[in-house]
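Here's the structure we're looking at; comments come further down.
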There are 2 protein chains.
Amino acid sequence: MVRKSASGRIGIADVAVKAGVSHATVSRVMNGNFTVDPDIAARVRAAAAELKYQPNPVGRSLALGKTDTIGIVVPDLANPTFQAILRGLSRAAAQDGYRVLIADSFEVSSEESILAGEARRRCDGLVLCAPRMSDAELEEIAPSLRPLVLINRTTAAAEVPSLVVDYGQGVQDIAEHLVELGHTRLAFLAGPPRSASNGMRLQGLETFKAAHPQVEVTMLEGGSDFDTGHEAVDAVLESGATGILAFNDLVAMGLMSGLHERGLDVPGDISVTGFDDIPFAKYTTPALTTAAVPITELGEQAWHQLRALIRNEESAAPGSSRYQPRLEVRASTGPAKAPRSKVHG
Amino acid sequence: MVRKSASGRIGIADVAVKAGVSHATVSRVMNGNFTVDPDIAARVRAAAAELKYQPNPVGRSLALGKTDTIGIVVPDLANPTFQAILRGLSRAAAQDGYRVLIADSFEVSSEESILAGEARRRCDGLVLCAPRMSDAELEEIAPSLRPLVLINRTTAAAEVPSLVVDYGQGVQDIAEHLVELGHTRLAFLAGPPRSASNGMRLQGLETFKAAHPQVEVTMLEGGSDFDTGHEAVDAVLESGATGILAFNDLVAMGLMSGLHERGLDVPGDISVTGFDDIPFAKYTTPALTTAAVPITELGEQAWHQLRALIRNEESAAPGSSRYQPRLEVRASTGPAKAPRSKVHG
DNA sequence: GGCACCGCGGAAAACGCTTTCTTAGGCCCT
DNA sequence: AGGGCCTAAGAAAGCGTTTTCCGCGGTGCC
């Protein structure tokens with residue numbers, strides 16, 4: 001019978017008994033405290049090995065006041081963007097011995113703040129992706145969530161770094177690209193109405209419109225997934241636009257698929273652009289012109305910011321950083337052809 | 001000053017003081033124990049609300065011996081298959097109030113078993129996806145990981161359900177499909193050599209070959225990602241095969257991309273098939289013929305099995321289940337054309 | 001009217017660990 | 001040789017909960 005204490009699992013007490021020392025000494029040995037006599041330390045290590053003792057992390061966390069775990073709140077795990085952030089975050093955190101706990105809000109923004117709070121309490125810090133949460137609510141909960149890193153949101157709360165992608169600039173770059181190809185009638189297939197990043201895109205478009213009064217830009221309602229793009233075909237054709245800026249790559253792919261079904265050629269008839277440069281964007285047919293965002297790196301940076309906060313409660317307040325998307329011209333955009341009529345078919 | 005105790009965070013003791021009761025009573029109220037006088041309960045609740053008291057989950061976990069968290073070990077978070085499993089698992093677990101902790105082994109199978117152990121100790125149960133781990137090692141660690149659910153692996157250890165996809169049958173279905181289209185020279189673009197699911201596919205192919213001695217099946221070395229497929233173009237062409245079974249959808253997509261660059265037509269010149277039916281498989285050009293696996297559902301089922309194990313230490317030992325892939329015929333497969341020479345160009 | 005029981009809530013133990021405090025013993029120094 | 005110091009390890013106090021165990025006061029019953 002190896003297991004001894006009532007709990008079934010072997011604990012520090014079992015090792016202590018076996019090694020004939022107090023559990024304090026066992027703890028010291030396990031934590032590499034060198035004030036222990038080498039002979040005794042060896043005895044303890046032998047006992048621990050024989051019993052296959054593994055410290056209980058929960059007890060450890062309680063005593064230490066830290067969990068070596070961070071949380072991430074995402075609105076939708078099915079979205080490649082958040083998958084990539086998670087991946088970068090997880091990899092970077094793992095290198096420092098931290099694990100990540102995921103909290104998927106499934107796009108129900110009303111739950112986001114409770115979810116975030118719960119996740120935070122189990123962790124040493126939090127990365128929050130909450131594109132739909134209202135500014136007011138964010139402002140309200142941010143302080144209680146620290147150490148906290150925000151993705152694509154900002155807050156006035158102190159000590160809360162933000163990692164934001166400059167969607168506004170990205171959209172402008174794409175629009176410029178289309179204009180250079182001769183397009184004069186553009187359409188923006190918008191994202192979810194309350195999305196923060198959608199707002200940034202709209203602002204970018206305003207700037208663009210001011211600089212290019214001769215270009216017509218139609219606003220179309222949309223969403224953030226493949227189906228949204230697929231369903232938007234009619235609206236897109238009706239707009240008469242020859243250059244379409246989709247909210248993101250997924251929407252663009254859906255749109256291209258829909259256009260293809262209608263027998264239209266991309267980019268022959270219509271040029272389509274995405275945003276994000278998800279892994280699959282390279283492999284669509286035609287390959288998708290998009291604004292590349294270093295998403296995985298974003299997750300990695302999120303960890304670095306969070307780590308600074310965790311390690312150094314006071315100083316080293318890290319600044320927020322802004323990521324510039326890089327225009328990735330591929331085959332889905334081409335020269336504008338002669339203006340089409342507003343009627344499709 | 002709301003915060004009182006040294007730790008900075010407000011705890012049960014603060015609420016107790018404010019409400020003028022013992023912390024035991026506060027605990028009783030917070031846990032819905034009805035043996036507390038309604039007046040006192042109200043007072044406690046008021047105090048808790050005013051202080052915005054939130055129980056510390058770590059202390060709670062220690063006392064209760066459970067964490068309301070499960071872990072999942074995956075070999076590669078970048079792989080859509082594991083993303084889907086994770087998604088299904090997370091969603092299902094969330095509905096029962098459980099969170100999921102992720103452990104990405106980054107394909108280094110030597111670390112997998114330590115990683116799994118560490119994850120397990122922080123959680124109430126574990127879902128293990130470890131396709132490269134040796135049977136011996138799996139057998140060795142499985143008992144200590146319980147409650148445990150295995151994905152695409154089996155073990156002799158008791159009380160360890162397995163959820164396995166019948167890759168062997170899937171591969172046979174695909175091969176049959178190609179044969180029906182008139183292909184007589186097939187090639188299998190294999191997965192990672194030590195992958196368990198690759199082994200299952202190979203077994204399926206053996207069965208197929210026995211049933212169709214007239215069909216030539218070439219084995220090609222490969223891997224599990226897009227680049228693998230892309231780099232395999234030469235080997236594929238050299239094989240002279242007209243029907244290619246790629247290890248999975250990613251590999252198939254890479255292969256199609258490579259073939260396209262060579263100016264070859266799919267399925268005109270060569271038919272290509274994948275496996276898994278990842279979300280993007282529908283949207284490749286041409287759309288990919290594949291064997292659809294209900295991956296998200298797999299994650300969901302993993303939770304249900306795990307939940308049964310967690311809730312009911314003894315009875316209800318759930319059986320292992322086997323998932324049959326469903327052949328999904330799309331545009332990447334077509335009738336075989338006249339046999340080609342072994343030289344490409 | 002006394003006794004047994006019951007309901008309620010406080011004290012304290014338990015969960016498994018870390019860390020401070022304490023004490024015992026050995027060494028050095030004068 | 002004795003006292004102060006320093007070292008090493010045990011005792012115990014936390015960490016923040018839950019839960020068991022008790023005791024107290026009140027009620028019902030005979």
Side-chain angles (χ1 to χ4, degrees), chain A residues 3-45 47-48 51-69 118 120-124, chain B residues 3-45 47-48 51-69 118 120-124:
Chain A
R3 43 189 59 176
K4 184 210 156 209
S5 63
S7 79
R9 264 189 62 84
I10 58 171
I12 203 172
D14 306 86
V15 180
V17 169
K18 182 159 193 102
V21 297
S22 74
H23 57 275
T25 299
V26 176
S27 172
R28 281 189 266 257
V29 172
M30 301 304 291
N31 295 318
N33 185 326
F34 291 114
T35 71
V36 178
D37 182 288
D39 290 352
I40 296 187
R43 218 165 69 221
V44 168
R45 263 186 282 270
L51 261 35
K52 294 200 207 304
Y53 166 69
Q54 302 286 134
N56 176 328
V58 178
R60 202 153 194 282
S61 290
L62 188 58
L64 256 25
K66 63 187 203 125
T67 60
D68 290 345
T69 301
E118 284 193 348
R120 172 62 186 85
R121 256 171 281 128
R122 305 180 176 268
C123 298
D124 297 345
Chain B
R3 43 188 61 179
K4 183 213 157 208
S5 64
S7 79
R9 264 190 62 84
I10 57 171
I12 203 172
D14 306 270
V15 180
V17 169
K18 182 159 193 103
V21 297
S22 76
H23 58 276
T25 299
V26 176
S27 173
R28 282 189 265 257
V29 173
M30 300 306 290
N31 294 320
N33 183 326
F34 292 114
T35 71
V36 178
D37 182 290
D39 289 352
I40 296 187
R43 218 164 68 220
V44 169
R45 262 187 282 271
L51 260 35
K52 293 197 206 306
Y53 167 69
Q54 303 286 132
N56 177 330
V58 178
R60 202 152 193 282
S61 289
L62 187 59
L64 257 26
K66 61 185 206 131
T67 60
D68 290 346
T69 301
E118 284 193 349
R120 173 60 186 83
R121 257 171 282 128
R122 305 180 176 270
C123 299
D124 297 344

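Letters A, B, ... are given to chains in the order of the sequence lines, protein chains preceding strands, and every chain is numbered from 1.
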Sugar-phosphate atoms are those with a prime plus P, OP1 and OP2; base atoms are the rest. Using that split, label each nucleotide of nucleotides 19-28 of chain D B, S or - for protein heavy atoms under 4.0 Å, 5' to 3'.
BB--------
Using the test side chain to side chain donor-acceptor pair (under 3.5 Å), find all partners of A/N56 that sit at least two apart in sequence or belong to another chain.
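Side chain to side chain donor-acceptor pair (under 3.5 Å) check on A/N56 returns nothing, list empty.
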Sort and list the pairs that fulfil salt bridge (charged side-chain N to carboxylate O under 4.0 Å, His left out) and have at least one residue in residues 27-40 of chain A, not counting sequence neighbours.
none
Can you run down the salt bridge (charged side-chain N to carboxylate O under 4.0 Å, His left out) pairs that involve residues 54-67 of chain A, sequence neighbours left out, and say none if there aren't any?
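As it turns out, the salt bridge (charged side-chain N to carboxylate O under 4.0 Å, His left out) pairs with a partner in residues 54-67 of chain A, which skip direct neighbours, are A/K66-A/D68.
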Flag the pair A/I12 / A/Y53 as yes when at least one side-chain heavy-atom distance between them is below 4.5 Å, and no otherwise.
yes
Evaluate the side-chain proximity of A/S27 to A/N31: yes if any heavy-atom separation is below 4.5 Å, no if none is.
yes
Closest contact, heavy atoms only, A/A47 versus A/K18:
CB-CG, 3.8 Å
Can you name the closest pair of heavy atoms from A/T69 and A/C123 and give their distance?
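Shortest heavy-atom separation between A/T69 and A/C123 comes out as O-CB, 3.2 Å.
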Check the distance between [N]'s [atom2] and [X]'s [atom1] and give it to me in whole angstrom.
X	N	atom1	atom2	value
A/K66	C/dT19	NZ	C1'	15 Å
B/N56	D/dT18	CG	P	10 Å
B/D39	C/dG7	CG	C1'	15 Å
A/R9	C/dA14	CZ	P	20 Å
A/I12	D/dG10	CD1	C1'	13 Å
A/N33	C/dT19	CG	C1'	10 Å
A/L62	C/dA14	CG	P	17 Å
B/Q54	D/dG16	CD	C1'	14 Å

Once you build an axis from the first five pairs and another from the last five of the helix from C/dG1-D/dC30 to C/dT30-D/dA1, how far apart in angle are they, to 10 degrees?
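Inter-axis angle at the termini of the helix from C/dG1-D/dC30 to C/dT30-D/dA1: 60°.
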At under 4.0 Å between heavy atoms, what does A/V58 touch on the DNA or RNA strands: base, sugar-phosphate, or nothing?
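If one applies the 4.0 Å heavy-atom cut-off, A/V58 turns out to touch nothing in the nucleic acid.
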Determine the contact category for A/V21: base if any of its heavy atoms lies under 4.0 Å from a base atom, sugar-phosphate if only primed atoms, P, OP1 or OP2 are that close, otherwise nothing.
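Since only primed, P, OP1 and OP2 atoms lie under 4.0 Å of A/V21, the category is sugar-phosphate.
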Report the residues that fulfil side-chain contact (heavy atoms from CB on, under 4.5 Å) with A/L62, sequence neighbours left out, ordered by chain and then residue number.
B/V58, B/L62
Between B/F34 and A/M30, which residue's closest nucleotide on DNA chain C lies nearer the 5′ terminus?
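The residue mapped nearer the 5' terminus is B/F34.
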Rounded distance [0.5 Å steps], NZ in B/K52 versus CD in B/Q54
9.5 Å
Nearest-nucleotide pick for B/Y53, side chain only, options being D/dA8, C/dG9, D/dT17:
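Shortest atom-to-atom distance from the side chain points to D/dT17.
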Nucleotide nearest A/R60 (side chain, heavy atoms from C-beta), chosen from D/dT18, C/dT18, C/dC8:
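Shortest atom-to-atom distance from the side chain points to C/dT18.
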By nearest-heavy-atom nucleotide on DNA chain D, the more 5' of A/G59 and A/D37 is A/D37
